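This report concerns only the one structure given below.
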Amino acid sequence: MKSFIEVKPDSHFPIQNLPYGVFKLKVGNDPVCGVAIGEYVLDLSMLEEKGFFSNTNLGKEIIFETPSLNKFMQKGRETWKQVRTLLQMALSDENPILRDDEDLKKISLIPMKDVEMCMPVDIGNYTDFYSSREHATNVGIMFRGKENALMPNWLHIPIAYHGRASSIVVSGTEITRPKGQTKPANAETPIFGPTKLLDFELETGFFVGQGNLLGEPIAVEDTYNHIFGMVLVNDWSARDIQTWEYQPLGPFLAKNFATSISPWVVTMEALEPFRVSGPKQEPEPLPYLRSKGNWAYDINLEVGIRTLKQKEMFTISRSNYKYLYWNICQQLAHHTVNGCNTITGDMMASGTISGPDKDSYGSMLELTWRGENPLKLPSGEERKFLEDGDTLEISGYCQGEGYRIGFGNVSGKILPAK
Ligand code: MN
């Protein structure tokens with residue numbers, strides 16, 4: 001499959017991908033939906049206006065001339081597949097419908113440099129899982145010692161907490177260093193001030209397409225049809241605030257000041273060729289969590305840092321989504337097993353994705369082992385945690401034969417506390 005639009009082999013956005021996003025022109029217009037193709041954004045609202053989707057389940061409904069993907073996500077897998085097939089056909093080098101229509105190309109294909117990406121989804125609810133065994137073990141060793149590293153429930157339950165949807169921001173949004181209560185190890189009483197231990201968490205997240213009614217769990221074998229696509233997630237974390245507040249009820253202000261996501265939602269259809277088997281689950285999970293088949297995904301993940309002195313992005317971690325212990329089907333089945341309802345646009349993040357090796361850890365906490373082994377940057381600087389002026393970037397892609405299914409990246413620059 002090849003597009004009439006030139007796409008380089010290392011591009012994240014070939015015709016096999018076609019991720020969905022919401023964009024506006026830098027010169028100004030209302031945000032609308034589009035797909036990424038090479039260095040271009042295909043404006044779906046323009047195609048919609050021309051009646052391009054009228055033979056699909058979408059009919060003449062206005063779906064893409066809106067500032068979020070929610071309307072489309074609500075339609076379900078059958079329609080997602082129809083639209084994807086139609087778009088691949090229209091962008092193919094063998095089909096004249098768009099290739100030879102200079103006027104339509106002019107108004108619907110926009111260079112990426114001319115657009116600003118917006119939040120792709122109107123996110124109603126946000127849940128953050130804790131599904132990497134390596135990450136949970138590392139954190140457990142640091143905070144409780146080697147003997148009690150993994151909590152007794154961890155191998156039985158996909159552990160998660162309810163996060164905050166209102167502070168999820170799109171890539172490029174600057175992050176202000178949060179203030180809060182901390183208690184230094186040797187102090188009797190807590191103090192208030194800017195966090196000293198600002199961290200990132202390398203994660204991905206999936207979006208619920210069609211939700212479920214209150215009281216009606218999604219069976220593990222039905223979960224896949226409820227999942228629309230995935231993005232990269234940076235779950236910014238203030239470790240000193242977290243240490244003081246997290247017991248007995250879990251994460252709160254250490255997490256809810258900001259969470260960043262990448263702007264392009266990669267569909268499960270595009271990711272399909274990269275499904276691989278996940279880690280062996282021992283002990284066997286309870287029957288409601290038994291997913292059949294391969295539900296891990298081979299997604300290469302990379303974390304880079306730029307500082308005021310270190311101008312070139314410097315890679316500090318390489319991990320892979322396939323290391324996750326609990327898969328998306330198990331996460332969604334578990335989330336709803338008690339009857340909890342989900343709605344279109346809910347985001348479920350994976351939890352920090354740490355690999356088995358020291359250079360595959362998904363947080364500064366682990367990479368520097370709580371600051372004991374600072375990272376050395378080519379600029380001569382050292383980092384234990386993130387400092388003001390630092391930019392943290394996560395990127396990810398699946399490597400196919402001669403093409404990549406990419407996520408682009410999610411980045412954020414740290415501003416001083418207010
Ligand atoms: Mn997290």
Side-chain angles (χ1 to χ4, degrees), residues 123 125-143 149-151 153-154 157-171 173 175 178 180 195 197-207 230-247 249-262 299 301-303 316-317 319-321 323-328 330-332 334-335 346-355 360-368 370 385-386 392-394 396 407 409-412 414:
I123 302 174
N125 299 281
Y126 161 42
T127 300
D128 194 17
F129 280 87
Y130 193 58
S131 291
S132 157
R133 183 175 188 163
E134 289 82 357
H135 172 70
T137 304
N138 287 339
V139 174
I141 292 171
M142 277 184 258
F143 288 92
L150 218 50
M151 296 294 264
N153 57 8
W154 200 93
I157 301 177
I159 298 289
Y161 68 93
H162 279 131
R164 180 125 191 121
S166 68
S167 52
I168 302 177
V169 295
V170 73
S171 176
T173 307
I175 306 299
T195 174
L197 308 182
L198 185 56
D199 202 353
F200 72 91
E201 288 189 345
L202 162 60
E203 306 196 17
T204 62
F206 70 82
F207 288 110
M230 285 171 60
V231 289
L232 302 171
V233 176
N234 181 351
D235 177 22
W236 303 99
S237 302
R239 300 299 179 196
D240 42 1
I241 297 174
Q242 187 177 0
T243 306
W244 175 229
E245 78 172 2
Y246 87 102
Q247 286 174 320
L249 281 188
F252 187 32
L253 304 187
K255 297 283 189 175
N256 69 7
F257 61 94
T259 305
S260 300
I261 64 169
S262 55
I299 307 171
L301 299 164
E302 204 171 293
V303 183
I316 56 174
S317 176
S319 187
N320 193 302
Y321 181 86
Y323 297 134
L324 282 186
Y325 190 83
W326 296 105
N327 65 50
I328 50 177
Q330 294 174 319
Q331 288 170 338
L332 190 53
H334 184 68
H335 202 306
D346 282 1
M347 187 173 94
M348 316 273 170
S350 60
T352 308
I353 306 169
S354 292
S360 64
Y361 292 167
S363 64
M364 295 293 271
L365 179 70
E366 295 162 272
L367 287 166
T368 71
R370 253 200 299 194
F385 287 90
L386 298 172
L392 200 290
E393 184 177 290
I394 298 170
F407 286 77
N409 66 57
V410 52
S411 78
I414 309 299

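Residues take their numbers from the sequence shown, with the count starting at 1. Values in this document were obtained by computation on a predicted structure and should not be read as measured data. In each ligand, atom 1 is the first atom listed, and ligand 1 is the first ligand listed.
With the Mn ion (ligand 1) as vertex, E203 OE2 and D128 OD2 subtend 100°, rounded to 10°.
Atom OD2 is the N/O/S atom of D235 found closest to the Mn ion (ligand 1). Residue-level check: among N/O/S atoms of E201, OE1 sits closest to the Mn ion (ligand 1).
The pair E201-R239 meets the salt-bridge criterion, with a side-chain N (NZ, NE, NH1 or NH2) lying under 4.0 Å from an Asp/Glu carboxylate O. Looking at K255 and E245, no side-chain N of the basic residue comes within less than 4.0 Å of a carboxylate O on the acidic one, giving no salt bridge.
Residue M142 places its CE atom among more than 12 non-hydrogen atoms of other residues, nucleotides or ligands, all under 6.0 Å distant.
Relative ring orientation between Y161 and Y126 is described as perpendicular, the plane-to-plane angle rising above 60° on a 0-90° scale split at 30° and 60°.
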